[in-house]
Amino acid sequence: MDSSIWGIISIVVLACGLYGLHGFTVLKKGGMPNLSMLMGQEYEKAKPEVREEFLQKSAPILLLFSLACTVYGIVDFVHCYVYSIPIADTAAGILFFVILLVFVIFTSKMRRKYFDKV
């Protein structure tokens, strides 16, 4: 078991995953999650139709990323504080970073498509 900085990072990643899942459920219930800090000022200036369309198209990748964060956070937390499982922790970490890259690429393309015109 490792109680270094990686344990704190696992807690932060887990919290981000749970917050992402919360945002996804708010989105699916018809609400508008708070994304102004993530998207910047152009998000606030965009028309509501553009924001709605952007959120609907990016919802599946948000769910995938949130699930990856949650799973990695749990596996890493268990690895750091409960029982050492280096293979599972490494596999979950690699999968998390691959999904993180996909999320960043997809959302940046969507952001350019919808918000660079504003």
Side-chain angles (χ1 to χ4, degrees):
M1 290 179 288
D2 183 19
S3 59
S4 64
I5 188 72
W6 297 109
I8 303 220
I9 290 175
S10 70
I11 294 169
V12 170
V13 170
L14 178 61
C16 290
L18 293 175
Y19 185 70
L21 289 173
H22 168 71
F24 181 77
T25 56
V26 168
L27 181 62
K28 282 301 171 185
K29 288 182 180 177
M32 186 68 72
N34 183 8
L35 296 175
S36 60
M37 289 185 66
L38 177 64
M39 297 306 299
Q41 292 179 349
E42 58 269 6
Y43 179 79
E44 291 295 325
K45 294 176 187 175
K47 297 177 187 171
E49 308 87 45
V50 172
R51 289 187 290 200
E52 290 276 337
E53 187 176 343
F54 170 78
L55 289 175
Q56 292 303 322
K57 288 190 177 183
S58 61
I61 195 73
L62 173 64
L63 177 63
L64 178 68
F65 179 66
S66 300
L67 288 174
C69 284
T70 304
V71 168
Y72 176 65
I74 290 170
V75 169
D76 197 39
F77 182 82
V78 168
H79 173 71
C80 289
Y81 294 113
V82 180
Y83 182 75
S84 181
I85 45 174
I87 303 262
D89 187 47
T90 303
I94 291 169
L95 185 64
F96 167 72
F97 282 114
V98 167
I99 292 175
L100 175 66
L101 287 174
V102 170
F103 178 76
V104 167
I105 291 167
F106 183 81
T107 54
S108 64
K109 284 182 181 179
M110 293 289 288
R111 186 175 179 194
R112 281 193 301 270
K113 179 180 177 182
Y114 286 104
F115 297 114
D116 278 351
K117 299 180 254 182
V118 176

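In this text the structure is predicted, and so the values were computed from the model without any measurement. All values below were derived from every heavy atom in this structure, side-chain atoms included, with hydrogens, water molecules and symmetry-related copies excluded. When a residue number appears, it is its place in the shown sequence, counting from 1.
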- Note on the structure: dist Asp76:CG -> Tyr81:OH (nearest 0.5 Å) comes out at 9.0 Å
- If two hydrophobic side chains count as joined below 4.5 Å and joins carry through other members, does Val104 share a cluster with Ile9? yes
- Here the gap from Thr107 atom OG1 to Ile61 atom CD1, rounded to the nearest 0.5 Å, amounts to 8.0 Å
- Message: Show the nearest heavy-atom pair for residues Gly17 and Cys69, with the distance to one decimal.
- Response: CA-CB, 3.4 Å
- Calculate, to the nearest 0.5 Å, the distance between atoms OG and CZ belonging to Ser58 and Phe65 respectively. 13.0 Å
- Message: Could you check whether any side-chain N or O of His79 sits under 3.5 Å from a backbone N or O of Asp89, counting only pairs where one atom can act as donor and the other as acceptor?
- Response: no
- Task: Could you check if a side-chain atom of Phe77 sits within less than 4.5 angstrom of a side-chain atom of Ile74, using non-hydrogen atoms only?
- Result: no
- Distance, nearest 0.5 Å, that separates CG of Leu64 from CZ of Phe24: 10.5 Å
- Do Val75 and Val82 sit in the same hydrophobic cluster, where Ile, Leu, Val, Met, Phe, Trp and Tyr count as joined when their side-chain heavy atoms come under 4.5 Å apart? yes
- Message: Are Leu27 and Gln56 packed together at the side-chain level, in the sense that at least one heavy-atom pair is separated by less than 4.5 angstrom?
- Response: yes
- Interatomic distance, CG@Leu21 vs CG@Leu67, rounded to 0.5 Å, equals 5.5 Å
- Query: Taking atom CG of Leu101 as the centre, does the number of heavy atoms from other residues, nucleotides or ligands within less than 6.0 Å exceed 12?
  - Reply: yes
- Query: Any link between Phe97 and Ile99 through a network of hydrophobic side chains (Ile, Leu, Val, Met, Phe, Trp, Tyr) touching at under 4.5 Å?
  - Reply: yes
- Taking a hydrophobic cluster as the set of Ile, Leu, Val, Met, Phe, Trp and Tyr residues connected by side-chain heavy atoms closer than 4.5 Å, whether directly or through intermediates, do Tyr83 and Val71 fall within one such cluster? yes
- Are Ile105 and Val98 grouped together when hydrophobic residues (ILVMFWY) are joined by side-chain heavy atoms under 4.5 angstrom apart? no
- Task: Name the orientation class of the two ring planes belonging to Tyr72 and Phe96 (parallel below 30°, tilted from 30 to 60°, perpendicular beyond 60°).
- Result: parallel
- Task: Heavy atoms only: give me the nearest Leu62-Gly23 pair and the separation to one decimal.
- Result: CD2-C, 4.4 Å
- Here the gap from Leu95 atom CG to Leu100 atom CG, rounded to the nearest 0.5 Å, amounts to 11.0 Å
